[in-house]
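Because only heavy atoms are used, hydrogens play no part in the values below, and waters and symmetry mates are left out as well, while side chains stay in. Each residue takes its place number in the sequence, starting with 1.
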Amino acid sequence: MRGMVVLYVAVMALVTYLIRMLPFTLFRKKITSSFWRSFFFYVPYAVLAAMTFPAVFSATASPWSALCGVAVAAVLALCKRSLTVVALSACLAVFVAEGIQFGFVF
């Protein structure tokens, strides 16, 4: 069993190393195509959103409070508020929505 854990860690290390090393070996010249430059610029944001957004709806007691928090965050983000204000306001909106839904006394 211990040997399998070592093997799993070694495979994970190899995969992580390859993912980080391949761009340096494949792209030696500066990328001049505007399509590929914009594609590589937005990939981290798209991956982060794809990993984070589904978790938002399972992190609360009900999907309605999560939807309320997402709505507040979206409105404030569109109004160009800071990340701190958006995050704290979304948390407060979820707290209030769950308090109303489950009958907590404020």
Side-chain angles (χ1 to χ4, degrees):
M1 181 67 183
R2 183 160 169 78
M4 292 301 290
V5 171
V6 172
L7 178 66
Y8 293 154
V9 170
V11 169
M12 289 184 345
L14 180 67
V15 168
T16 303
Y17 178 74
L18 285 176
I19 289 172
R20 294 173 187 263
M21 183 214 39
L22 280 177
F24 290 117
T25 59
L26 295 178
F27 304 113
R28 295 198 181 251
K29 295 179 185 176
K30 183 174 179 171
I31 299 171
T32 57
S33 169
S34 61
F35 171 78
W36 287 112
R37 288 177 59 89
S38 65
F39 175 79
F40 288 126
F41 179 80
Y42 288 113
V43 163
Y45 300 109
V47 169
L48 182 63
M51 291 185 334
T52 305
F53 194 72
V56 168
F57 291 101
S58 63
T60 60
S62 75
W64 296 109
S65 61
L67 188 62
C68 182
V70 168
V72 167
V75 168
L76 290 175
L78 288 173
C79 292
K80 306 279 188 197
R81 301 292 181 215
S82 71
L83 180 60
T84 305
V85 171
V86 171
L88 291 176
S89 300
C91 290
L92 183 64
V94 169
F95 180 73
V96 170
E98 288 189 357
I100 291 170
Q101 183 176 6
F102 297 116
F104 297 141
V105 178
F106 290 108

Pairs of donor and acceptor atoms involving the side chains of residues 68-90, under 3.5 Å and at least two apart or interchain, shall be tabulated with distances.
{"unit_1": "S82", "atom_1": "OG", "unit_2": "V85", "atom_2": "N", "d": "3.3"}
{"unit_1": "S89", "atom_1": "OG", "unit_2": "V85", "atom_2": "O", "d": "2.7"}

Check: residues 23-34 side-chain donor-acceptor pairs under 3.5 Å, at least two apart:
{"unit_1": "T25", "atom_1": "OG1", "unit_2": "L22", "atom_2": "O", "d": "3.0"}
{"unit_1": "S33", "atom_1": "OG", "unit_2": "F35", "atom_2": "N", "d": "3.4"}

Distance-only donor-acceptor hits, side chain of residues 4-18, under 3.5 Å, sequence neighbours excluded:
{"unit_1": "T16", "atom_1": "OG1", "unit_2": "M12", "atom_2": "O", "d": "2.8"}

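Y42 shares a hydrophobic cluster with F41, Y45; the chain of contacts runs through ILVMFWY side chains whose heavy atoms sit under 4.5 Å apart.
Residues S65 and E98 approach most closely at OG-OE2, 3.1 Å, considering heavy atoms.
Checking S62 against Q101 by side-chain atom types alone, a donor-acceptor pair falls below 3.5 Å.
Listed by first and then second residue, the ring pair (Phe, Tyr, Trp, His ring centres under 6.0 Å) pairs that reach into residues 55-81 are F53-F57, sequence neighbours excluded.
Cluster membership for W36 and V43, using ILVMFWY side-chain heavy atoms within less than 4.5 angstrom, is shared.
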